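Worksheet for the structure shown next.
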Amino acid sequence: MEHKERVFSGVQPTGNLHLGNYLGAIKRFVDLQKDHDCLYCVVDLHAITVWQEPAELTRNIREVAAAFIAAGIDPEQQIIFNQSQVSGHAELAWIFNCVARMGWLNRMTQFKEKAGKHRENASVGLFAYPNLMAADILLYRATHVPVGEDQKQHLELARDIAQKFNNDFSDSIEKAGFADGFFPLPEPLIAGPATRVMSLRNGSEKMSKSAASDMSRINLTDDADTIARKVKKAKTDPDALPSEVEGLEGRPEAANLVGIYAALADIEVGEVLKQFGGAGFGTFKPALVELAVERLAPISGEMKRLVGEAGEIDRILNQGADRAREIANPIMSKVRQIVGFIGD
Ligand code: TYM
């Protein structure tokens, strides 16, 4: 039996949503809704793996939901919801804690980066984070997961967990009536010119929420002047833009800005270079500012409006959680039966 195609992805409500989150993930969520059933989740259980001030967390949850809607995801057609409102995420994550191996998680580069030198001080949740992520996806038996490049290793782990669960419980799964394994092996959708948007200050560092300098990223809430200032100050090199893609090799800052332009304009990098090859940054940067403002201003305007309407956001999230539970509950009951728990 083929698994039904279903898209799932999540964004952490940890503040400072930036252009990397938009181009690497949220914009692609919008594109995928045309011909897929999608669940887009504000992953607050992931956020608390590092300390979050409670009132700020609440605000950030609403802000991510607002960003989804402002970017163009239709909450009537698709499911926008908040992870902690669907208890199956935590429940399946526990089962996956018992399926995944310590050695697998020890290899996760993001844990090493986030825990840094203070590994002993990191929360247990931060270590087990990828198991929860696998649970997010597999609770809906989702088949496709649009993410930025930095989530690739976590997606591979989710596939390993699905595979091990299918193997460990193969007899029980067959008895429950599933001939080809219970969980699909979810496929990462990592594509396009902006799967890894880099810092504006350093072309070899990822644009991130947590970077100390706000000048390193364009936030989805930045106004036109701020965007202009950040792009103008963005690090570049002295050369003109090349006319061919190969000419960007060894020029990380130029490659980054051209990639951002291509993603915002919905064209290939080669197309951008056809237009701007031979031009210097004095010409390219103002064009990039104009495009970025044109694309981002409506989103930030709508985000601001929606954030002011907390009741409306909460209504959408509550309704989304109801619909998510409708999909998750029967799957979770099968999981309980497969594992051998006394079922419902
Ligand atoms: P998070 O909240 O860090 O980021 C949300 C999405 O934005 C992408 N992203 C980027 N893409 C391109 N360039 C960048 N500089 C950049 N920075 C971030 C991320 O790849 C991500 O797609 N673990 C996930 C959240 C999560 C999830 C899931 C995702 C939890 N459960 C299940 C998919 C499926 C995370 O921390 O994303």
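When a ligand or atom number is given, it counts from 1 through the structure's own listing order. Remember, it's a predicted structure, so these values are computed and weren't measured experimentally.
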Tell me which part of I26 gets within contact of ligand 1: side chain, backbone, both or neither, using heavy atoms under 4.0 Å.
-> neither
Is it true that R28 and D31 have a side-chain N and a carboxylate O under 4.0 angstrom from each other?
-> no
Give the contacting part of Q12 toward ligand 1: side chain, backbone, both or neither, where contact means a heavy-atom distance below 4.0 Å.
-> both
The protein heavy atom nearest to atom 37 (O) of ligand 1 is Q151 NE2, 3.9 Å
Would you mind checking which non-hydrogen protein atom is closest to atom 36 (O) of ligand 1, with the distance to 0.1 Å?
-> Y129 OH, 2.7 Å
Give the cluster check for V231 versus M198: same hydrophobic cluster or not, with ILVMFWY residues linked at side-chain heavy-atom distances below 4.5 Å.
-> no
A student checking ligand 1 against G24 at a 4.0 Å heavy-atom cut-off should list atoms 11 (N), 12 (C)
Heavy atom of Q110 under 4.0 Å from ligand 1?
-> no
Is R59 salt-bridged to E63, going by a charged N under 4.0 Å from an acidic O?
-> no
Counting heavy atoms under 4.0 Å, the part of K209 that contacts ligand 1 is side chain
May I ask you to check whether over 12 heavy atoms, not counting those of E53, lie within 6.0 Å of atom CD?
-> yes
May I ask you to check if R141 and F182 form a cation-pi contact, with NZ or CZ under 6.0 angstrom from the six-membered ring centre and within 45° of the axis?
-> yes
Taking C-beta and beyond as the side chain, do V269 and L248 meet within less than 4.5 Å on heavy atoms?
-> yes
Contact check: M198 vs ligand 1, nitrogen or oxygen atoms, below 3.5 angstrom = no
Contact region, V145 to ligand 1, non-hydrogen atoms below 4.0 Å, reads side chain
Is ligand 1 less than 4.0 angstrom away from at least one heavy atom of H18?
-> yes
re atom 6 (C) of ligand 1, the protein heavy-atom contact at minimum distance is A25 CB, 3.6 Å
Atom 20 (O) of ligand 1: closest protein heavy atom, distance to 0.1 Å, is D150 OD1, 2.4 Å
Note the single closest protein heavy atom to atom 31 (N) of ligand 1, along with its residue, its atom name and the distance in Å.
-> D136 OD2, 2.6 Å
Looking only at protein heavy atoms, what sits closest to atom 25 (C) of ligand 1 is G10 O, 3.5 Å
Hey, are E312 and R315 close enough for a salt bridge, meaning a charged N less than 4.0 Å from a carboxylate O?
-> yes
Ion pair K27/D266, N-O distance below 4.0 Å = yes
Side chain or backbone of V43 under 4.0 Å from ligand 1, or both, or neither, by non-hydrogen atoms?
-> side chain
Give yes or no for whether the N/O distance cutoff of 3.5 Å, strictly under, is met between N21 and ligand 1.
-> yes
Is the closest basic N to carboxylate O distance between R336 and E91 below 4.0 Å?
-> yes
Is a salt bridge present between K230 and D214, judged by a nitrogen-to-oxygen distance below 4.0 Å?
-> yes
Tell me: protein heavy atom nearest atom 11 (N) of ligand 1, and distance?
-> G20 O, 3.1 Å
Under the criterion ring pair (Phe, Tyr, Trp, His ring centres under 6.0 Å), which of F96, Y140, F178 is the partner of F183?
-> F96
Give the contacting part of A194 toward ligand 1: side chain, backbone, both or neither, where contact means a heavy-atom distance below 4.0 Å.
-> backbone
Should you measure from each heavy atom of T195, which atoms of ligand 1 turn up under 4.0 Å away?
-> 11 (N), 12 (C), 13 (N)
Can an N or O of K206 be found at a distance shorter than 3.5 Å from an N or O of ligand 1?
-> no
Pick one of side chain, backbone, both or neither for how V197 approaches ligand 1, counting any non-hydrogen atom pair under 4.0 Å.
-> both
Are side-chain heavy atoms of E244 and L273 found at a separation under 4.5 Å?
-> no
Below 4.0 angstrom from a heavy atom of R196, which ligand 1 atoms are there? Numbered from 1 as shown, please.
-> 12 (C), 13 (N)
Short N-O contact, D150 and R196, less than 4.0 angstrom | no
Partners of V11 by side chain to side chain contact (heavy atoms under 4.5 Å, CB included), sequence neighbours excluded?
-> L17, I26, F29, V64, F68, K209
Write out the residue and atom name of the closest protein heavy atom to atom 22 (O) of ligand 1, then the distance separating them to 0.1 Å.
-> G148 N, 3.2 Å
A student checking ligand 1 against M207 at a 4.0 Å heavy-atom cut-off should list atoms 15 (N), 17 (N)
